[in-house]
Amino acid sequence: MVSDMFELVWLCVFSHREGTVEDIYLLGPTHISERSKLLLSECLVSSGFSSSLKAGALEMFDQIAVVPVNALFHYASMLHYTLNGEQLPAYIPHAIASPRLQQLQERHASLYASSYINWQTEEQLMKNIEEGNLQYQESYYTAIRTGSAGRQKGLSSLHQYKNILISFTTICCRAAIKGGLSPSIAYSMKDVYIAKAENAMNRSQLSEITHTMYDDFIQQVYQLKNHKAYTAPIQNCCDYISLHIREKLTISELSSLTGYTDYYLSRKFKAETGLSLLDYIKQKKVEVAEKLLASTNLTVQEISEQLSFCSRCHFSETFQKFTGTTPTQYREENMRL
């Protein structure tokens with residue numbers, strides 16, 4: 001893959017015989033986001049060219065298709081097969097990724113922030129939530145690989161991606177309610193994640209929010225379908241912990257929520273869940289940490305801070321207590337490249 005200062009992209013496909021390159025074919029140019037046009041516009045503004053020349057350049061640029069990275073690689077794969085009779089791996093970006101490609105992928109890597117999914121894929125994603133299917137990873141990452149770019153004129157790319165994520169969160173909320181989750185809990189979760197989306201500063205944060213939100217809805221429905229029912233006060237505590245898992249939570253805060261004393265709530269919570277309140281909170285924080293370690297590039301220190309541990313050392317000790325491995329070892333074994 002080669003690209004220029006405007007992030008226009010070409011793919012080089014080689015025809016070869018017995019290890020010797022015979023010809024080189026170029027696919028392109030194309031671009032993978034509206035950022036390319038913004039870069040060109042900025043260059044033209046500072047160039048001193050006439051208005052008619054600027055307008056002509058932008059008009060020509062509009063004729064260049066926007067093609068997502070994954071679709072571009074599918075085209076390259078087909079051409080490679082036609083030329084060489086060799087089938088490349090299904091997930092090509094991981095097979096032949098260059099540093100430049102990885103940089104562009106990271107910039108545009110988000111399930112809905114960089115793509116929209118067709119209705120069949122959306123049906124499967126929503127079915128995962130309705131059933132509380134914890135084995136959702138394959139369909140989730142298939143959606144990332146097979147999405148196609150959408151365009152919303154007049155909006156910055158970050159604004160556009162936020163709008164799409166907000167819409168996706170709303171759909172996930174409805175699916176969770178259909179799966180049996182209490183509407184009050186589902187709507188509260190939706191509000192929390194929409195607020196996070198609106199406050200996100202970049203697409204990397206949006207990608208993390210998307211995955212965390214999707215997993216959270218599935219976990220909530222799974223627990224509802226597969227765990228014994230708790231009394232209303234204890235269930236309220238569990239729901240509150242899920243919604244505020246990144247904050248520093250205390251027994252006094254939760255006892256105020258239920259109207260119980262600290263002592264009575266602690267006894268009742270352990271009797272119903274089998275865990276002390278503090279261990280339950282730690283376990284839920286570790287579960288979130290596992291997702292962040294496996295699906296983001298956040299450092300162990302950053303994850304520790306995001307989950308309100310007092311120190312990285314305390315976080316690592318807690319993580320190892322519940323998983324039997326250190327955060328670094330867990331990431332090495334489970335990182336989704």
- Message: Using side chain to side chain contact (heavy atoms under 4.5 Å, CB included), reason through Thr299 and Glu302 one step at a time and then give a plain yes or no.
- Response: CA-CA 5 Å; Thr299 66; Glu302 289 171 335; 3.1 Å; yes
- Task: Determine, stepwise, if the pair Glu290 / Thr323 fulfils side chain to side chain contact (heavy atoms under 4.5 Å, CB included).
- Result: CA-CA 9 Å; Glu290 287 177 322; Thr323 66; 3.3 Å; yes
- When you look at Phe322 and Glu287, which way does the side chain to side chain contact (heavy atoms under 4.5 Å, CB included) test go after all the steps? CA-CA 9 Å; Phe322 284 95; Glu287 289 174 3; over 6 Å; no
- Message: Using side chain to side chain contact (heavy atoms under 4.5 Å, CB included), reason through His244 and Val192 one step at a time and then give a plain yes or no.
- Response: CA-CA 9 Å; His244 301 271; Val192 168; over 6 Å; no
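In this structure the side chain of Ser15 never reaches within 4.5 angstrom of the side chain of Val21, judged on heavy atoms. A heavy-atom distance below 4.5 Å is not found between the side chains of Trp10 and Leu27. Counting heavy atoms from C-beta on, the side chains of Cys173 and Met189 never come closer than 4.5 Å. Residues Lys291 and Glu208 fail the side-chain proximity criterion, which asks for heavy atoms closer than 4.5 Å. With a 4.5 Å cut-off on side-chain heavy atoms, Tyr136 and Leu125 do not count as touching. In this structure the side chain of Leu292 reaches within 4.5 angstrom of the side chain of Thr212, judged on heavy atoms. Taking the side chain as every heavy atom from C-beta outward, Leu293 and Phe319 approach each other to under 4.5 Å. Considering only heavy atoms from C-beta on, Leu165 comes within 4.5 Å of Met213 through its side chain.
Other residues, nucleotides and ligands contribute over 12 non-hydrogen atoms within 6.0 Å of the CZ atom of Arg246. Around atom OH of Tyr187, no more than 12 heavy atoms belonging to other residues, nucleotides or ligands sit under 6.0 Å away. For NZ of Lys270, the number of neighbouring non-hydrogen atoms (other residues, nucleotides, ligands) closer than 6.0 Å is 12 at most.
In this structure, Met201 stands alone, with no Ile, Leu, Val, Met, Phe, Trp or Tyr side-chain heavy atom under 4.5 Å from its own, directly or through other members.
Contact between Leu265 and Leu254 at its shortest, heavy atoms only, is CD2-C, 3.7 Å. Between Pro29 and Ile64, the closest heavy-atom pair is O-CG2, 3.5 Å. Contact detail for Ala289 and Leu307: the closest heavy-atom pair is CB-CD1, 3.7 Å. Residues Leu249 and Tyr240 share a closest heavy-atom pair of CD2-CE2, 3.9 Å. Taking all atoms of both residues into account, the shortest heavy-atom contact from Glu131 to Val221 is C-CG1, 4.3 Å. For Ala200 against Leu206, the heavy-atom pair with the smallest separation is CB-CD2, 3.7 Å.
Side-chain N or O atoms of Thr82 include one that pairs as donor or acceptor with a backbone N or O of Met78 at under 3.5 Å. The backbone N or O of Met126 lies less than 3.5 Å from no partner atom in the side chain of Lys178, so there is not a single donor-acceptor pair. Judged by distance alone, the side chain of Thr170 and the main-chain N or O of Ile166 form a donor-acceptor pair under 3.5 Å. Formation of a donor-acceptor pair under 3.5 Å by the Lys225 side chain with backbone atoms of Gly179 is found in this model. Between the side chain of Glu317 and the backbone N or O of His314, no donor-acceptor pair lies under 3.5 Å.
Atom OG1 of Thr261 and atom CD1 of Ile251 lie 10.5 Å apart (nearest 0.5 Å). Rounding to the nearest 0.5 angstrom, the gap separating the OG1 atom in Thr30 from the CG atom in Leu11 is 9.5 Å. One distance of note links OG1 of Thr169 with CZ of Arg174; it measures 11.5 Å at 0.5 Å rounding. Note that the OG1 atom of Thr250 and the CG atom of Asp262 stand 8.0 Å from one another [nearest 0.5 Å]. In this structure, the separation between CD1 on Ile303 and CZ on Arg312 is 10.0 Å, given to the nearest 0.5 Å. In this structure, Gln283 CD and Lys321 NZ are separated by 10.0 Å, a value rounded to the nearest 0.5 Å.
A donor atom on one side chain and an acceptor atom on the other are found under 3.5 Å apart for Ser242 and Gln220. Side-chain polar atoms of Glu86 and His80 form a donor-acceptor pair below 3.5 angstrom. Using modelled atom types and a 3.5 Å distance limit, the side chains of Gln329 and Thr326 yield a donor-acceptor pair. Glu305 and Gln301 form a side-chain donor-acceptor contact under 3.5 Å, judged by distance and modelled atom types alone. A donor-acceptor pair shorter than 3.5 Å cannot be found between the side chains of Tyr222 and Asn133. Using modelled atom types and a 3.5 Å distance limit, the side chains of Glu272 and Thr231 yield a donor-acceptor pair.
Tyr81 and Tyr75 fall into different hydrophobic clusters, where Ile, Leu, Val, Met, Phe, Trp and Tyr are joined by side-chain heavy atoms under 4.5 Å apart, directly or via other members. Criterion: ILVMFWY side-chain heavy atoms under 4.5 Å apart, direct or through other members. Under it, Tyr214 and Ile194 are not part of a common hydrophobic cluster. Hydrophobic cluster membership differs between Ile177 and Ile171, with clusters built from Ile, Leu, Val, Met, Phe, Trp and Tyr side chains linked at under 4.5 angstrom.
The aromatic ring centroids of His211 and Tyr140 lie less than 6.0 Å from each other. Between Tyr25 and Phe14, the gap from one ring centroid to the other reaches at least 6.0 Å.
Looking at Tyr230, Tyr260, Tyr263 one by one, the single match for side-chain contact (heavy atoms from CB on, under 4.5 Å) with Lys268 turns out to be Tyr260.
Ion pairing between Lys284 and Asp279 fails under the 4.0 Å rule for side-chain N and carboxylate O. Taking the charged nitrogens against the carboxylate oxygens, Lys127 and Glu130 have no contact shorter than 4.0 Å, which rules out a salt bridge.
Ring geometry for Phe217 against Tyr193 counts as tilted: the plane angle lies between 30° and 60°, on a 0 to 90° scale.
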